[in-house]
Amino acid sequence: MRKRIREIVVEAVEVLYGQKIDLKIVQIQRTRKDFTGDLTIVVFPFVKLAKKKPEDCANDIGLYIKNNLEQLSSYNVIKGFLNLSFTSEYWLERLGNIHKSFDGNAPVDQPEKIMVEFSSPNTNKPLHLGHVRNNLIGDSVSRILKAAGHDVMRVNLVNDRGIHICKSMQAYLDFDSDGSPDKAGMKGDKYVGDLYVKFDQQYKGQVADLIESGMSEDDAKQKAPIMQAAKTMLQKWEAGDEEVHALWEKMNAWVYEGFDRTYEKMGIEFEKTYYESNTYKSGREIVLNGLEKGVFYKREDGSVWADLTDAKLDEKIVLRADGTSLYMTQDIGTAVERFENQQLDRHIYVVGNEQNYHFQVLKLILGRLGYPWAEKIQHMSYGMVELPEGKMKSREGKVVDADDLIDDMIQTSSDMSKELGKLESLSDDEQYNVHKMIALGALKYFMLKVDPKKNMIFNPKESIDFNGHTGPFIQYTHARIRSVVRKAKAMNINVPTSVAEDTKMNDKELDLIKYIDQFEIVIQEAAEELDPGMIANYAYDLAKDFNHYYHDYSILKAQDGKLLQFRLFLADQVSKNLKFAMKLLGIDVPEIM
RNA sequence: GGUCUAGUAGCUCAGUUGGAUUAGAGCAACGGCCUUCUAAGCCGUAGGUCCCAGGUUCGAGCCCUGGCUAGAUCACCA
């Protein structure tokens, strides 16, 4: 409809004022609540062309549209705003079409093949709330892009090598050398994470002792025996030492088992998992090649650098003096490999905003190396999750653990539910599933409703809400509608497959239809902006509107059968849209709660 | 010091190509509504110098400039 109106406006301006204008300068927006109308055209851009007052200009165009669009019922003009209202037949037809064919997808004209990399954990510590935000954003963005018709491939890049893993390994040898998660009765990732904390405690103790015995702080940090041991272990690992590799594989396997359980609980999946131990050497050839082409330069010590001072990005090292790869080198290598092997149109990296600089540099370097797709890498930067006292620190145990948080929330959800006592007809398993669905709904919605790029503060002492602007609010609205549909069925009234053209609607019903109609645009905008928050807000607004309606009008006690059928039809579509919207956030909705 | 990001109600946040007298939600506070389709709901009251100062224009919370505050980053760590 918007497209048609644009075309008619362009036509109108040409006929009325003899001026050709571009489709894009026709501004169409939803009419604000306090004014009459469905869509609004802003006529200020045409005022100069028309050489008329805004009001007159709007009236001219309004009349032209009225004569050329049968679905238009009326128009009104306030200042430079032309408000258009459509006939109720038009809206009923829209609702009917949506009900018949809308499946939660809104494909764009030009679908792309997009790889989304997210999660990317280290194997020395369990997942915490920061990872949860990353996972949820990555998951939701992938779902939204898919709904917008793109071919999406979700991948995880596990950082499974380096000094941090060696620290956990060293602590294992020193403190629990024949232990295991089973013996300790712990999840594998927790067990290894605890060893990492133990390493840090031991290390700090040793440093303190050395300083006491007269050593400088810098020296003490270098010479602490446990750190030395960890470094030696890393060298052995790099040299392919069998014993070290065996231990490394054993401990990583524990961690993966733990991660898998957490991912499963959160409902997160990947098409492919990459491991850094396989890719950490890549990119070296490409850099050497770039050196020949003069994109990089070599310093006296043999290290290779990119001079980005002309782009205000300083100088960046891309290869060590000993010729080995760095983080940047690897990312250059994997990007090239992925674009060339997978024929990607776009690559999105869901990575915290602390790495904004890294990705700016990566993009710039790839461009200078002459890759035409350099502009197609996109850093989906999101803000940190902080505690009231500041950043989370795994080493000091100051973290909100993902599993603990989810379990706590399931407990809360279960307590609340039992108090309300609405699930008594269900089996224990079914009840648990609903409790879990609601807990995850609250957590996911909480993290996804806010703008991803902003930092957020999480106070563990204040539990995440289940009332108000929350996931459970929307889940509840859905469950209420499903309950009505069930009751109707029990009365032998099924949701009809179409609506009568001459149904008499009230304003709230009309508003709901307009809101339902809005969803496809919202999906496409959210995909464009990579912003799950837009979907979250849409679902909330729709649920809120429906709750007003539900409060004011009875569906099952409508005045006559025809109206009852229409209301059921409308409510059913609201529940579908809520379900689709929540699915895009990775949230399931219950039939009862 | 350079670069980047953010600053909206007591708290958490919406407000996206700049739009329409009175800047919206939720939480917390206060007051109402359950013999009527699920009260995890609905209605109402109260709460604001949209960080500050200039500028651009028909119009600025949004754009530009300068400042203030907070954070990130500029490593032969990833």
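Here is the naming used below: chain letters follow the sequence lines, and residue numbers restart at 1 for every chain.
- When heavy atoms are screened at a 4.0 angstrom cut-off, L326(A) is found touching the sugar-phosphate backbone but no base atom.
- Under the Watson-Crick or G-U wobble criterion, with both distances below 3.5 Å, A25(B) is paired with U12(B).
- The separation of G47(B) from G10(B), taken at their P atoms, amounts to 11 Å, rounded to a whole angstrom.
- Along RNA chain B, the nucleotide nearest to H469(A) and the one nearest to H435(A) differ in position, and the one closer to the 5' end is contacted by H469(A).
- Across all strands, D451(A) comes closer than 4.0 Å only to sugar-phosphate atoms, never to a base (heavy-atom distances).
- In this entry the distance linking NZ of K544(A) with C1' of A14(B) reads 13 Å, nearest Å.
- Judged by the 6.0 Å distance and 45° axis criteria, R133(A) is not positioned over the aromatic ring of Y382(A).
- Summarising the geometry, the separation between NE2 on H551(A) and P on A39(B) is reported as 9 Å, rounded to the nearest angstrom.
- Where stacking is scored as ring centres under 5.5 Å apart with planes under 30°, Y357(A) does not register as stacked on the base of C4(B).
- At whole-Å resolution of the value, NE2 in H379(A) and C1' in U5(B) are 12 Å apart.
- Between the base of U5(B) and the side chain of K453(A) there is no donor-acceptor pair shorter than 3.5 Å.
- Closest to the side chain of R486(A), from the set A78(B), U38(B), A72(B), is U38(B).
- Among the atoms of the strands shown, base atoms are found under 4.0 Å from some heavy atom of Y553(A).
- Nearest to the side chain of M416(A), among A40(B), A78(B), C37(B), sits A40(B).
- At a threshold of 4.0 angstrom between heavy atoms, the contacts of I163(A) with the nucleic acid are absent.
- Put simply, K454(A) has a side-chain N or O that comes within less than 4.0 Å of OP1 or OP2 on G7(B).
- In this structure, S483(A) reaches the U38(B) phosphate: one of its side-chain N or O atoms is under 4.0 Å from OP1 or OP2.
- Judged by Watson-Crick or G-U wobble contacts below 3.5 Å, the nucleotide G1(B) has C74(B) as its partner.
- With a 3.5 Å ceiling on both atom-pair distances, A20(B) lacks any Watson-Crick or G-U wobble partner.
- Within the 4.0 Å cut-off from OP1 or OP2 of A39(B), at least one side-chain nitrogen or oxygen of R480(A) is found.
- Rounded to whole Å, the P atom of G71(B) lies 28 Å from the corresponding atom of G54(B).
- Here F466(A) does not count as stacked on A40(B), because the ring centres are not under 5.5 angstrom apart with planes under 30°.
- When heavy atoms are screened at a 4.0 angstrom cut-off, A479(A) is found touching base atoms of the nucleic acid.
- With both ends at atom P, the span from G41(B) to U3(B) equals 48 Å, rounded to whole Å.
- At a threshold of 4.0 angstrom between heavy atoms, the contacts of E419(A) with the nucleic acid are absent.
- Taking side-chain N and O atoms only, N467(A) has a distance below 4.0 Å to OP1 or OP2 of G41(B).
- For F118(A) and Y349(A), the ring centers sit 6.0 Å or farther from each other.
- Here N547(A) reaches the OP1 or OP2 of C42(B): one of its side-chain N or O atoms lies under 4.0 Å away.
- For the C1' atom pair drawn from C50(B) and U69(B), the interatomic distance equals 16 Å after rounding to whole Å.
- Contact annotation for T40(A): base contact, defined as any heavy-atom pair under 4.0 Å involving a base atom.
- Rounded to a whole angstrom, the distance from the C1' atom of G48(B) to that of C63(B) is 23 Å.
- Looking at heavy-atom distances under 4.0 Å, H548(A) makes contact with sugar-phosphate atoms alone, never a base.
- Counting any heavy atom pair closer than 4.0 Å across all strands shown, F473(A) reaches sugar-phosphate atoms only and no base atom.
- In this entry the distance linking CG of D331(A) with P of C77(B) reads 16 Å, nearest Å.
- Base engagement by I592(A) is indicated by at least one non-hydrogen atom pair under 4.0 Å involving a base atom.
- Taking a 6.0 Å sphere around NZ of K579(A), one finds it holds 12 or fewer heavy atoms contributed by other residues, nucleotides or ligands.
- In the set C4(B), C43(B), A14(B), C4(B) carries the atom at the smallest distance from any side-chain atom of N356(A).
- When rounded to the nearest whole Å, the span between OH of Y550(A) and P of G41(B) equals 13 Å.
- Glycosidic torsion of C52(B) falls outside 90° of 0, placing the base in anti.
- Using N1 to N3 plus N6-O4 or O6-N4 for Watson-Crick, or N1-O2 and O6-N3 for G-U wobble, each under 3.5 Å, U69(B) pairs with A6(B).
- In this structure, R299(A) forms a cation-pi arrangement with W305(A), its terminal cationic atom sitting closer than 6.0 Å to the ring centre and no more than 45° off the ring axis.
- Pairing for G31(B) is with C43(B), a Watson-Crick or G-U wobble pair whose two hydrogen-bonding atom distances lie under 3.5 Å.
- Distance from the side chain of K422(A) is smallest for A40(B) among the nucleotides A14(B), A40(B), A78(B).
- As a whole-Å value, the separation of H131(A) NE2 from A78(B) C1' is 12 Å.
- Here the separation of G15(B) from C62(B), taken at their P atoms, is 15 Å to the nearest Å.
- The main-chain N or O of N83(A) is never found under 3.5 Å from a side-chain atom of T40(A) such that the two would form a donor-acceptor pair.
- Judged by distance alone, the side chain of T329(A) and the main-chain N or O of L326(A) form a donor-acceptor pair under 3.5 Å.
- Nucleic acid contact for M456(A): sugar-phosphate only, since backbone atoms but no base atoms lie under 4.0 Å from a heavy atom of the residue.
- Residue K487(A) is in sugar-phosphate contact alone, with no base atom involved, counting any heavy-atom pair closer than 4.0 Å across all strands shown.
- Residues H128(A) and H131(A) bring their aromatic ring centres within 6.0 Å.
- Between R320(A) and A78(B) there is a side-chain N or O to OP1 or OP2 distance below 4.0 Å.
- With both ends at atom P, the span from U73(B) to A78(B) equals 16 Å, rounded to whole Å.
- Shown here, C63(B) forms a base pair with G55(B); the pair counts as Watson-Crick or G-U wobble because both key distances fall under 3.5 Å.
- Proximity of a side-chain donor or acceptor of D307(A) to a complementary backbone N or O of E315(A) within less than 3.5 Å is not detected.
- When the nucleotides A14(B), A40(B), C37(B) are ranked by their closest atom to the side chain of L420(A), A40(B) comes out on top.
- E315(A) comes within 4.0 angstrom of nothing in the nucleic acid, heavy atoms only.
- G59(B) and C13(B) have their P atoms separated by 34 Å, with the value rounded to a whole Å.
- Here the P atom of nucleotide A40(B) and the CD1 atom of I410(A) are 21 Å apart, to the nearest Å.
- Listed for the R567(A) side chain is no donor-acceptor partner under 3.5 Å among the backbone atoms of K562(A).
- Residue order along RNA chain B, read from the 5' end via each residue's closest nucleotide, puts D531(A) first among D531(A) and K557(A).
- A side-chain donor-acceptor contact under 3.5 Å links N356(A) and S381(A).
- Counting any heavy atom pair closer than 4.0 Å across all strands shown, E354(A) reaches sugar-phosphate atoms only and no base atom.
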